[in-house]
Amino acid sequence: TDQGYEGKPDYEFRNIYLSSKHGECCQIWIDKPESGWVSLHAADVETRQDEELRQDWRVPTSELKNALEAAITFVQSWFER
């Protein structure tokens, strides 16, 4: 769990970093669930030619595993562009 995301010191989230064979790095993070829903986000950290990547998902907490798999697949596909 990380804290202090985007200037919100009481904000908690879970995150992972994925790296490509070209040295690019993307982050996937999961917000704290609220009212049975959870938000996931994927974004670039370091890319070739400063390209930007951003995708967001909002799913029922029961679908978190599938959404996380989709986010990982999305980032891995982007690495292969």
Side-chain angles (χ1 to χ4, degrees):
T1 302
D2 285 327
Q3 296 181 350
Y5 174 71
E6 290 187 5
K8 300 176 184 176
D10 296 329
Y11 185 85
E12 292 185 6
F13 63 97
R14 305 274 181 189
N15 68 318
I16 62 169
Y17 291 92
L18 300 173
S19 297
S20 76
K21 60 185 174 186
H22 302 291
E24 296 175 295
C25 181
C26 289
Q27 178 183 28
I28 296 173
W29 69 99
I30 305 168
D31 295 335
K32 186 175 179 179
E34 291 185 22
S35 303
W37 289 84
V38 64
S39 295
L40 290 84
H41 316 276
D44 60 277
V45 175
E46 184 67 39
T47 62
R48 293 181 276 170
Q49 301 174 357
D50 292 326
E51 296 169 285
E52 292 186 11
L53 164 79
R54 177 68 189 240
Q55 180 72 36
D56 302 292
W57 297 263
R58 183 166 168 80
V59 298
T61 54
S62 62
E63 293 296 318
L64 177 58
K65 180 181 178 197
N66 292 336
L68 184 54
E69 289 173 358
I72 291 169
T73 298
F74 174 78
V75 169
Q76 289 173 333
S77 295
W78 191 78
F79 283 155
E80 296 300 320
R81 69 197 185 290

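Everything numeric in this text was worked out from a predicted model, so none of it was measured.
- With hydrogens and angles disregarded, a donor-acceptor distance shorter than 3.5 Å links the side chain of Glu24 to the backbone of Arg48.
- Trp37 and Trp29 are not part of a single hydrophobic cluster, where members link through side-chain heavy atoms under 4.5 Å apart.
- The two residues Tyr17 and Cys25 have their closest heavy-atom pair at CD2-SG, 3.8 Å.
- When every heavy atom of Val75 is checked against every heavy atom of Ala42, the shortest pair comes out as CG2-CB, 3.9 Å.
- Annotation: the span from His22 atom NE2 to Glu80 atom CD amounts to 6.5 Å, rounded to 0.5 Å.
- Within 6.0 Å of CD on Glu51 lie more than 12 heavy atoms contributed by other residues, nucleotides or ligands.
- Residues Leu64 and Leu40 have side chains in contact (heavy-atom distance under 4.5 Å, counting atoms from C-beta outward).
- Atoms OG1 and CD1, on Thr61 and Ile30 in that order, are 12.0 Å from each other to the nearest 0.5 Å.
- Residues Ile28 and Phe74 have side chains not in contact (no heavy-atom distance under 4.5 Å, counting atoms from C-beta outward).
- Between atom CG of residue Leu68 and atom CD1 of residue Ile16 there is a gap of 6.0 Å, rounded to the nearest 0.5 Å.
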- Task: Could you walk me through whether Val38 and Glu63 pass the side-chain contact (heavy atoms from CB on, under 4.5 Å) test, one step at a time?
- Result: CA-CA 9 Å; Val38 64; Glu63 293 296 318; over 6 Å; no
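- Crowding of Glu69 atom CD: a count of heavy atoms from other residues, nucleotides or ligands under 6.0 Å exceeding 12.
- Cys26 and Asp44 get closest at one heavy-atom pair: SG-CA, 3.9 Å.
- Between Thr47 and Trp78, the shortest heavy-atom contact is CG2-CH2, 3.2 Å.
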